[in-house]
Undergrad: 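Below you'll find the structure I mean.
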2 protein chains.
Amino acid sequence: MTSATISSEIDRERFAAVGRALADPKRLCVLETLAAGERSVSELSRDVGCQVPNMSQHLAVLRSAGLVATRRDGTTVYYRLADSRVLETYRLIQTLAR
Amino acid sequence: MTSATISSEIDRERFAAVGRALADPKRLCVLETLAAGERSVSELSRDVGCQVPNMSQHLAVLRSAGLVATRRDGTTVYYRLADSRVLETYRLIQTLAR
DNA sequence: TGACTACTTGCGTATTTGCGCAAGTGATGA
DNA sequence: TCATCACTTGCGCAAATACGCAAGTAGTCA
């Protein structure tokens, strides 16, 4: 099939939320880091280069878009990619950006 | 390969521009419409349901992200999807949005 | 219970984005 | 050249977003 299914406005709003999650370089950096394995918030904060509260907010965006998942161990929260399609999508976007 | 390549900040900025282009429901509606074939600005404006200047701005975003291409015929500008990967990416995003 | 670590949330601010409306540009045809 | 159609650009405003900093919450351990 070459033609697209026409979505409802409500569905497009959800799809756009995924787009928004992918619309910030710091969040993309998070995805790249998580591709190597799960990381805590403070680790991500250090690797990406921003403050912990700011990282927490970025992670909330990724999380509510369903791109990352979490696991708690004691006081530490570990984030991971929610699905292999996340990286697949990001790679496609990379090839798309000329 | 499962691990991701770490990009430069400059590259991630370009990738994020693609994300931003995909971050608005009206622009996603444009992509769905263009999946059926090229359309003029006024046609898109009518189909998507917004004013022509607004559509022109949305198209500029999609264009500068490299997602759509144009062809001029007289006074009419026809827009089309720039690449089959655009729709491929959008479909992946659709499956990703739970 | 109290101190500590790890993270989240609230708040104020600067920047960006989407939109409507008006004005500008560019190609066509009388 | 002038009028017209199709589109783009400029401008002002409201809403959304990213950020830093302060405060709050949650789990652990003495």
Side-chain angles (χ1 to χ4, degrees), chain A residues 9-10 12-34 37-80 82, chain B residues 9-10 12-34 37-80 82:
Chain A
E9 176 60 28
I10 295 171
R12 277 194 295 267
E13 196 62 66
R14 287 189 304 121
F15 306 152
V18 176
R20 269 196 303 280
L22 298 170
D24 182 274
K26 284 208 173 79
R27 287 195 289 268
L28 296 181
C29 191
V30 167
L31 297 185
E32 290 181 11
T33 306
L34 292 184
E38 63 175 16
R39 295 281 189 281
S40 69
V41 178
S42 34
E43 285 172 334
L44 286 169
S45 157
R46 180 172 33 73
D47 294 353
V48 172
C50 68
Q51 302 200 340
V52 172
N54 187 9
M55 176 52 65
S56 190
Q57 289 175 333
H58 280 305
L59 289 169
V61 173
L62 290 169
R63 199 177 191 294
S64 84
L67 304 190
V68 300
T70 62
R71 170 180 78 83
R72 165 163 282 231
D73 180 30
T75 63
T76 305
V77 178
Y78 291 98
Y79 280 79
R80 65 179 183 278
Chain B
E9 176 60 28
I10 295 171
R12 276 194 297 266
E13 196 62 66
R14 286 189 305 122
F15 306 152
V18 176
R20 267 196 303 280
L22 298 169
D24 182 273
K26 283 209 173 79
R27 286 194 290 267
L28 296 181
C29 191
V30 168
L31 297 185
E32 290 180 12
T33 305
L34 291 183
E38 64 175 15
R39 294 281 187 282
S40 69
V41 177
S42 34
E43 284 171 334
L44 286 169
S45 157
R46 180 172 33 73
D47 294 353
V48 173
C50 68
Q51 299 200 340
V52 171
N54 187 12
M55 177 52 64
S56 190
Q57 288 174 332
H58 280 305
L59 289 169
V61 173
L62 290 169
R63 198 177 192 294
S64 81
L67 304 191
V68 300
T70 61
R71 170 180 78 83
R72 160 155 257 169
D73 180 32
T75 64
T76 304
V77 178
Y78 290 98
Y79 281 77
R80 64 180 183 278

Undergrad: Tell me whether S40(A) contacts the main-chain N or O of V77(A) through its side chain, where contact means a donor paired with an acceptor under 3.5 Å.
TA: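 No; zero donor-acceptor contacts below 3.5 Å.
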
Undergrad: Between C1' on dC7(D) and CG on D73(B), what's the gap in Å once rounded to a whole number?
TA: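 Rounded to whole Å, this separation is 14 Å.
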
Undergrad: Report the distance from atom CZ of R46(B) to atom P of dC5(D), rounded to the nearest whole Å.
TA: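 Computing the R46(B):CZ to dC5(D):P distance gives 17 Å.
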
Undergrad: Sort and list the pairs that fulfil side-chain hydrogen bond (donor to acceptor under 3.5 Å, both in side chains) and have at least one residue in residues 55-65 of chain A, not counting sequence neighbours.
TA: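 Listed by first then second residue: R27(A)-H58(A), N54(A)-H58(A), R63(A)-T70(A).
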
Undergrad: In whole angstrom, give the distance that lies between atom CZ of R71(A) and atom P of dG27(D).
TA: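 The distance from CZ of R71(A) to P of dG27(D) comes to 15 Å, rounded to the nearest Å.
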
Undergrad: Evaluate the side-chain contact (heavy atoms from CB on, under 4.5 Å) criterion for residues V41(A) and L59(A): first the C-alpha distance (whole Å), next the side-chain angles of each, then the deciding distance (0.1 Å), finally the verdict.
TA: CA-CA 8 Å; V41(A) 178; L59(A) 289 169; 3.9 Å; yes

Undergrad: Quick one: is R27(B) getting a side-chain N or O under 4.0 Å of the dG18(C) phosphate, OP1 or OP2?
TA: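 Result: yes.
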
Undergrad: In the structure I gave you, are the side-chain heavy atoms of V30(A) and L62(A) within less than 4.5 Å of one another anywhere?
TA: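 With C-beta onward as the side chain, the pair touches.
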
Undergrad: Should Q51(B) be listed as having a side-chain N or O under 4.0 Å from OP1 or OP2 of dC21(C)?
TA: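 Answer yes for this pair, as a side-chain N or O of Q51(B) is under 4.0 Å from OP1 or OP2.
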
Undergrad: Looking at five pairs on each end of the helix from dT1(C)-dA30(D) to dA30(C)-dT1(D), what is the angle between the two axes, given to 10 degrees?
TA: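 Answer for the end axes of this duplex: 10°.
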
Undergrad: Any side-chain to backbone donor/acceptor pair from R80(A) onto A82(A)? Under 3.5 Å, distance only.
TA: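 Flag not set: sc R80(A) to bb A82(A) has no pair under 3.5 Å.
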
Undergrad: Give the rounded distance in Å between these two atoms: NE2 of H58(B) and C1' of dG20(C).
TA: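 The distance from NE2 of H58(B) to C1' of dG20(C) comes to 12 Å, rounded to the nearest Å.
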
Undergrad: Do L31(A) and V68(A) have side chains that get closer than 4.5 Å, going by heavy atoms?
TA: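 Result yes, sub-4.5 Å side-chain heavy-atom pair found.
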
Undergrad: For each nucleotide in nucleotides 3-9 of chain C, reading 5' to 3', give B when a protein heavy atom comes within less than 4.0 Å of its base, S when such contact involves only the sugar-phosphate, and - otherwise.
TA: --BSSBB

Undergrad: Just verifying a value: how many Å separate D47(B) CG and E32(B) CD, rounded to the nearest 0.5 Å?
TA: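 CD of E32(B) is found 11.5 Å from CG of D47(B).
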
Undergrad: Does the pair V61(A) and L67(A) meet the rule for a side-chain contact (heavy atoms from CB on, under 4.5 Å), with working shown?
TA: CA-CA 9 Å; V61(A) 173; L67(A) 304 190; over 6 Å; no

